[in-house]
Amino acid sequence: MRYAQLHQRSITDPNGFWMEQAQAIDWTTPPSKALFDDKAPLFEWFRDGQVNTCWNALDRHVENGRADQLAVIHDSPVTNSITRLTYREMRDQVAKLAGALSAQGVTKGDRVIIYMPMVPEALMAMLACARLGAIHSVVFGGFAAHELAVRINDAKPKCVIAGSCGIEPGRVVAYKPLLDGAIAEATHKPDFCVILQRDALQAELIAGRDHDWAEFVKDAAPADCVPVEGSHPAYILYTSGTTGQPKGVIRATAGHLVALNWSMKNIYNVDPGDVFWAASDVGWVVGHSYICYAPLITGNTTIVFEGKPVGTPDAGTFWRVISEHKVKSFFTAPTAFRAVKREDPKGDYVGKYDLSCLKTVYLAGERADPDTIIWAQEQLKVPVIDHWWQTETGWAIAANPVGYEALPVKLGSPAVAMPGYNLQVLDEGGHPVPPGTLGAIALKLPLPPGTLPTLWNAEARFHKSYLDQFPGYYATGDAGYMDEDGYVYIMARTDDVINVAGHRLSTGAMEEVLASHPDVAECAVIGVSDDLKGQLPLGFLCLNKGADRKNDEIVDECVRLVRDQIGPVAAFKLAVVVDRLPKTRSGKILRATMVNIADSKPFKVPATIDDPIILDEIAVELKKLGYARS
Ligand code: COA
Ligand code: AMP
């Protein structure tokens, strides 16, 4: 067990272990040590080093013989185009964009919001910020104007960089009106916007505020990389919590570089020059780490895919891209494979492509169900590796270190803790439980490099959300168990976060929107099981007395409200009107019990329930929607 020894060392000698890994990074000033614990329980990594992320992702490869190697391949079945960019081209374009931003006053520490579809310019915008030491915050295109406004108010960006539109199968999503709406709603106003005009839809620009990207960069002088201290925030990425106010996860610069670089060889088993593809979106953490940063830091070619697993144009798209661009390691969410499997269960499309380049497939973002893993293994005839992580950690908490020592795969488990993660399963009192016993999964502090040091503008919330429950530990929000071999099994969330098609969503945020409907007196949103998306949100609405309108009308309005306020990505399409919600005598809504009823799972009626009859009423309504079948 070479890996077990490596992991052990990372826990007992974090300074030695991570300083060794840090040697793979180009530093302007090397750090004196890895771990800074003087602010514990807040920890920092490589704080006194000086470094630039863009240099490590682009310039150093240009200097070291990779100038003409492809850095980015944009494969876009929705626009029927493929664009290839070398490391030199990326470096030059990013340096010009950074120069143009700098000329408009963007400097180290300023925030820049990026609201873009899956185009290479999204990566350029991220890297241009990194070049200047500006802090980017990418907002997923499937979020509505209100969500964008919430992020603008929290991050207070000097500038917003946006695309004119995104392209979803069958429709063009105009981003500019959403951006304009968000800026109108937000109390903070950015100084200026840069708009990438796409052929599918040109946006109208507001004179004096908006710049056309092409004009903006045309005569710009390229900017040099600005070294920043290791603890400087590289980016803020907002993620769902229990309320409508998302949490701004901060990623510190140096730990991000070191950890991502370690992960590429040791987990994803790629070397410089190899082609790596994460089929996700730059708006999510997977996109940050494994579409943009890690492959470029390592000197890989990264694929930026603008399409869907099915329907763009068919269920063979993934295999076409892998074969055409010679992808060695492929990363996607289980839901994407379920979508492909549903359309092509026998894998007819798989047989049409030469997939001999593909060596390993990685799944994350949600629980990988054994059926999906087995199907993928049988079709692709390569190892299918589940790994578990979250926005907060930025890279895998548990994985199979395939490039270091391939461990046996156990179906249903994302395998073992990665370096620096001291993973424990705790009971309610914070005591470790024996192997095989279900508990809360917590990580003994410090977390390794690359993970969040705190939340943007919300240190108290960081303590409350993650550190207070089990002193000395970071609470992951996931529950599960560990077996005798240290393999972890992730079973459920311990909070009100649900996972819809690999997208993390807050039922609390949806409840806040529903409660704003004038006819809704009280509501609850739960996540019900779905064969394709893993979970789907389902709302229960109790109406105000005197709301004498048709229930269907109110339900339709509520569905539209969530789409308008949170965005289509919430996939909120199911809601029912009920007379009452099941509660404990102290007034807590019994969401977990409702989930069990909906999913036809056995459950115990909680002893503290106020009125058990309400559960029957809920079951009747759920049956009408096709749930609660037994
Ligand atoms: N901009 C605008 N709208 C978007 C969007 C974007 N970037 N991404 C998604 N949407 C919209 C979709 O068009 C859809 O709208 P609709 O209700 O009008 O149909 C809605 O948001 C839900 O999207 P999605 O969850 O993607 O569902 P889908 O039914 O379109 O596709 C899958 C289902 C399984 C094919 C798709 O979810 C998928 O590819 N998932 C992979 C998930 C993933 O990569 N997650 C990242 C974590 S690793
Ligand atoms: P996100 O922050 O959007 O990446 O979502 C993180 C959450 O998704 C985790 O806390 C888990 O609940 C879930 N998740 C991610 N990967 C896995 C996995 N491999 N197995 C089970 N759950 C996962």
Side-chain angles (χ1 to χ4, degrees), residues 78 115-118 122 139-144 163 165-175 178 237-241 247 249 278-291 305-312 315 317-318 331-343 362-369 373 385-399 412-415 441 452 475-480 488-495 497-505 530-536 559 563 566-573:
V78 293
Y115 187 57
M116 296 189 82
M118 284 294 289
V139 179
F140 178 60
F143 281 123
C165 66
I167 299 159
E168 285 294 290
R171 76 193 155 105
V172 172
V173 182
Y175 280 13
L178 297 171
L237 179 56
Y238 289 90
T239 190
S240 301
K247 299 173 185 167
V249 167
S280 177
D281 188 287
V282 284
W284 307 117
V285 70
V286 174
H288 280 62
S289 294
Y290 294 108
I291 295 173
F305 174 69
E306 191 179 19
K308 299 266 175 179
V310 292
T312 59
T317 304
F318 276 179
F331 178 163
T332 190
T335 187
F337 273 180
R338 289 197 296 269
V340 174
K341 180 179 158 204
R342 197 158 78 166
E343 293 217 351
Y362 295 83
L363 296 177
E366 56 172 329
R367 188 178 139 74
D369 51 293
I373 296 187
I385 305 295
D386 181 16
H387 62 323
W388 166 63
W389 47 297
Q390 41 186 214
T391 306
E392 289 84 344
T393 65
W395 64 290
I397 307 169
S413 168
I441 306 182
L452 81 172
T476 64
D478 286 308
V488 64
Y489 293 77
I490 312 298
M491 305 310 288
R493 288 288 302 188
T494 57
D495 55 14
V497 165
I498 59 170
N499 198 313
V500 180
H503 309 315
R504 173 167 158 183
L505 299 167
D530 181 72
D531 286 347
L532 174 65
K533 296 196 177 186
Q535 283 183 301
L536 279 179
V559 166
R563 193 177 172 94
I566 296 181
V569 67
F572 182 83
K573 292 180 180 166

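Order of listing sets the numbers, starting from 1, for every ligand and every atom in it. Because the structure is a prediction, the values reported are computed rather than measured.
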Counting heavy atoms only, which part of R493 comes closer than 4.0 Å to ligand 2: side chain, backbone, both or neither? side chain
Residues R338 and E343 bridged, charged N to O under 4.0 Å: no
Do any nitrogen or oxygen atoms of T476 come within less than 3.5 Å of a nitrogen or oxygen of ligand 2? no
What protein heavy atom sits nearest atom 2 (O) of ligand 2, and how far away is it? T391 OG1, 2.5 Å
Flag D281 as yes when one of its N or O atoms lies below 3.5 Å from any N or O atom of ligand 1, and as no otherwise. no
Nearest to atom 16 (N) of ligand 2, what protein heavy atom do you find, and at what distance? G365 N, 3.1 Å
Tell me, which protein residue and heavy-atom name are nearest atom 18 (C) of ligand 2, and how many Å apart are they? E366 O, 3.2 Å
Salt bridge check, E168 against K308: does any charged N sit closer than 4.0 Å to a carboxylate O? yes
As an exercise, identify every atom of ligand 1 less than 4.0 angstrom from a heavy atom of V569. 21 (O)
T335 heavy atoms, cut-off 4.0 Å: which ligand 1 atoms fall inside? 34 (C), 40 (N), 41 (C), 42 (C)
What protein heavy atom sits nearest atom 13 (C) of ligand 2, and how far off is it? N499 ND2, 3.7 Å
Please say whether A368 places an N or O atom under 3.5 Å from an N or O atom belonging to ligand 2. no
Which atoms of ligand 1 have any heavy atom of Y175 under 4.0 Å away? 1 (N), 7 (N)
Numbered in order shown, the ligand 1 atoms found under 4.0 Å of a heavy atom of P309 are 35 (C), 39 (O)
Which of the numbered atoms in ligand 1 are below 4.0 angstrom from a heavy atom of G502? 47 (C)
Within the 4.0 Å heavy-atom shell around W284, which atoms of ligand 1 are there? 46 (C)
Give the residue, atom name and distance (to 0.1 Å) of the protein heavy atom nearest atom 12 (O) of ligand 2. D478 OD1, 2.6 Å
Protein heavy-atom partner closest to atom 36 (C) of ligand 1 - residue, atom, separation in Å: A501 CB, 4.6 Å
Within a distance under 4.0 Å of any heavy atom of V286, pick out the atoms of ligand 1 and give their elements. 48 (S)
Just need the protein heavy atom nearest to atom 18 (O) of ligand 1, so name the residue and atom and give the distance. R563 NH2, 2.8 Å
Under the side-chain contact (heavy atoms from CB on, under 4.5 Å) criterion, do I291 and M118 qualify, and how do the steps go? CA-CA 10 Å; I291 295 173; M118 284 294 289; 3.7 Å; yes
Answer yes when R504 and E392 have at least one side-chain N-carboxylate O distance shorter than 4.0 Å, and no when they do not. yes
Going by the order shown, which atoms of ligand 1 are within less than 4.0 Å of some heavy atom of S280? 44 (O), 46 (C), 47 (C), 48 (S)
Could you find the nearest protein heavy atom to atom 3 (O) of ligand 2 and give me its residue, atom name and distance? R504 CB, 3.2 Å
Any idea which protein heavy atom is nearest atom 24 (P) of ligand 1, and the distance to it? K533 NZ, 3.9 Å
Does ligand 2 come near enough to H387 that some N or O of the ligand is less than 3.5 Å from an N or O of the residue? yes
Under 4.0 Å, counting heavy atoms only: does R338 come that close to any atom of ligand 1? no
